[in-house]
Amino acid sequence: MPVRVSALSTVIRERRTTRMFLPDRPVPRDLLDEALELAMRAPSNSNIQPWRLFLATGARRKRLGEELMRRASAGFPATAGIPESFAALRRELGAVVYGSMGVARDDAEARRLAQLRNFDFFGAPTAGAICMHRDLGHADSLAVGMFLQTLLLAPTERGLATCVQVSVAHFPDVLRDGLEIPDELRVLCGLGIGYADPDFPTNHLRIPRNPVAANVVLLDD
Ligand SMILES: Cc1cc2nc3c(=O)[nH]c(=O)nc-3n(C[C@H](O)[C@H](O)[C@H](O)COP(=O)(O)O)c2cc1C
């Protein structure tokens with residue numbers, strides 16, 4: 001069977017994180033259903049399909065964003081510590097993303113306000129959280145990641161935009177209440193889906209990647 005590598009490659013290259021959605025342009029239900037069906041094809045250890053996704057639209061989505069904003073306005077934690085070897089990449093990303101929003105490097109208040117927009121899912125009309133059972137392990141979270149990657153690619157192929165957001169997971173209780181997430185699940189991160197605002201420069205960024213050799217060891221001896 002011929003493999004249509006080019007279509008997949010194009011979608012992979014096209015996908016990017018969107019940080020300003022058109023809030024009044026909803027995600028067509030048929031496109032969302034197609035994307036979810038495709039994402040469900042992700043592989044998983046023993047085919048346990050450990051991903052659990054909770055999405056809200058309409059009034060519930062609005063309430064969720066309002067409550068997250070209310071909580072985050074009172075303060076949200078700084079980004080979690082990471083090993084020093086990764087810190088430069090994080091700083092570079094911050095400079096590019098906030099720079100594209102016109103936020104000066106030393107303007108802490110402007111940066112806080114820009115970060116605060118995370119908590120309204122950047123205006124995404126469909127938004128929620130991806131979760132996994134508390135007692136599952138790292139290998140299972142790989143499967144959740146595979147589900148999520150397809151759930152970024154399939155919407156991209158359909159002209160939609162996405163944003164994965166660990167930021168909202170700082171308030172798991174708000175997500176739990178707002179999305180009726182059962183206690184046995186751990187909230188891993190948030191997700192927004194919608195149409196990108198084409199006039200927001202940040203949405204057009206193309207974030208660079210390491211050269212393959214920096215991340216991959218290929219031994220051949
Ligand atoms: C697990 C995960 C969590 C993320 N959390 C956030 C977030 O809280 N806020 C945000 O603006 N972007 C977030 N992102 C988006 C990343 O910053 C983005 O994927 C990365 O900079 C590469 O850019 P690209 O997706 O445009 O290629 C997250 C991405 C992943 C995979």
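- For the pair I48 and L136, the minimum side-chain heavy-atom distance is below 4.5 Å.
- Between D107 and R111 there is no salt bridge, since none of the side-chain N atoms of the basic residue sits less than 4.0 Å from a carboxylate O of the acidic one.
- For the pair L179 and G128, the tightest heavy-atom approach, listed with the atom from each and the gap, is CD1-CA, 3.8 Å.
- Linking ILVMFWY side-chain heavy atoms closer than 4.5 Å, directly or via other members, places L185 and L53 in two distinct hydrophobic clusters.
- Here the CZ-CZ distance, from F171 to F119, works out to 5.5 Å after rounding to the nearest 0.5 Å.
- Checking side-chain atoms of N203 against main-chain N and O of M20 turns up a donor-acceptor pair under 3.5 Å.
- In this view, R105 satisfies the salt bridge (Lys or Arg N to Asp or Glu O under 4.0 Å) rule with no residue, not counting sequence neighbours.
- Put simply, I130 and L32 are part of the same group of oily side chains (I, L, V, M, F, W, Y) that touch within less than 4.5 Å, one to the next.
- Note that OG1 of T18 and CG of L205 are 10.0 Å apart. Values are rounded to the nearest 0.5 Å.
- Closest heavy-atom contact between F21 and G194: CE2-N, 3.5 Å.
- Residue pairs satisfying the salt bridge (charged side-chain N to carboxylate O under 4.0 Å, His left out) criterion with at least one member in residues 191-208, sequence neighbours excluded, are absent.
- The OG1 atom of T150 sits 11.0 Å away from atom CD of E157, with the distance rounded to the nearest 0.5 Å.
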Inset, instruction - Carefully, step by step, assess L148 and C189 under the rule side-chain contact (heavy atoms from CB on, under 4.5 Å). - result: CA-CA 10 Å; L148 190 53; C189 62; 4.2 Å; yes
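- Within the model, atoms OG1 of T126 and CZ of R29 stand 9.5 Å from one another, a figure rounded to the nearest 0.5 Å.
- L55 and L188 end up in the same hydrophobic cluster when Ile, Leu, Val, Met, Phe, Trp and Tyr side chains are linked at under 4.5 Å.
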Inset, instruction - Would you sort out whether R61 and D120 count as a salt bridge (Lys or Arg N to Asp or Glu O under 4.0 Å), showing the intermediate values? - result: CA-CA 9 Å; R61 149 70 187 90; D120 192 34; 3.1 Å; yes
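- Residues F200 and S100 have side chains not in contact (no heavy-atom distance under 4.5 Å, counting atoms from C-beta outward).
- Between the R158 side chain and the A35 main chain, no donor and acceptor come within less than 3.5 Å of each other.
- Minimum interatomic distance between P23 and P125 (heavy atoms only, all atoms of both residues): O-CB, 3.8 Å.
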Inset, instruction - Assess whether side-chain contact (heavy atoms from CB on, under 4.5 Å) is satisfied between V164 and L152, documenting all intermediate values. - result: CA-CA 9 Å; V164 180; L152 305 183; 3.7 Å; yes
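- Shown here are the salt bridge (Lys or Arg N to Asp or Glu O under 4.0 Å) partners of R90, two or more places apart in sequence or in another chain: there are none.
- Around atom CD of E14, more than 12 heavy atoms belonging to other residues, nucleotides or ligands sit under 6.0 Å away.
- In the displayed structure, R41 atom CZ is contacted under 6.0 Å by at most 12 heavy atoms of other residues, nucleotides or ligands.
- Expressed to the nearest 0.5 Å, how far CD of Q115 lies from OG of S167 amounts to 9.0 Å.
- Nearest heavy atoms, A42 versus A143: CB-O, 4.4 Å.
- In this structure, F121 and Q165 have side chains that are in contact, with non-hydrogen atoms separated by less than 4.5 Å.
- M101 contributes atom CE, which lies 4.0 Å from atom OG1 of T202 (distance to the nearest 0.5 angstrom).
- Looking at heavy atoms from C-beta onward, M132 lies in side-chain contact with D140 at the 4.5 angstrom threshold.
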Inset, instruction - Show the numbers, then the answer: is there a side-chain contact (heavy atoms from CB on, under 4.5 Å) between V103 and V97? - result: CA-CA 9 Å; V103 175; V97 168; over 6 Å; no
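- The hydrophobic cluster containing F122 does not contain L116, counting ILVMFWY residues as joined when their side-chain heavy atoms lie under 4.5 angstrom apart, directly or transitively.
- A heavy-atom distance below 4.5 Å is not found between the side chains of F54 and E180.
- Taking all atoms of both residues into account, the shortest heavy-atom contact from R134 to R186 is O-NH2, 3.4 Å.
- No side-chain heavy atom of F147 sits less than 4.5 Å from a side-chain heavy atom of Q49.
- Transitive grouping of hydrophobic side chains (ILVMFWY, heavy atoms separated by less than 4.5 Å) keeps L64 and V27 in distinct clusters.
- The side-chain heavy atoms of E109 and R112, taken from C-beta on, include a pair separated by under 4.5 Å.
- Side-chain atoms of L153 and L38, non-hydrogen and from C-beta on, never get closer than 4.5 Å to each other.
- Closest approach of P172 and A169 over heavy atoms only: CD-O, 3.2 Å.
- Between R70 and E66, none of the side-chain N atoms (NZ, or NE/NH1/NH2) sits under 4.0 Å from a carboxylate O, so this pair counts as no salt bridge.
- With hydrogens and angles disregarded, no donor-acceptor distance shorter than 3.5 Å links the side chain of H133 to the backbone of P50.
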Legend entry - Worked check of side-chain contact (heavy atoms from CB on, under 4.5 Å) between I207 and T17: CA-CA 9 Å; I207 302 300; T17 294; over 6 Å; no
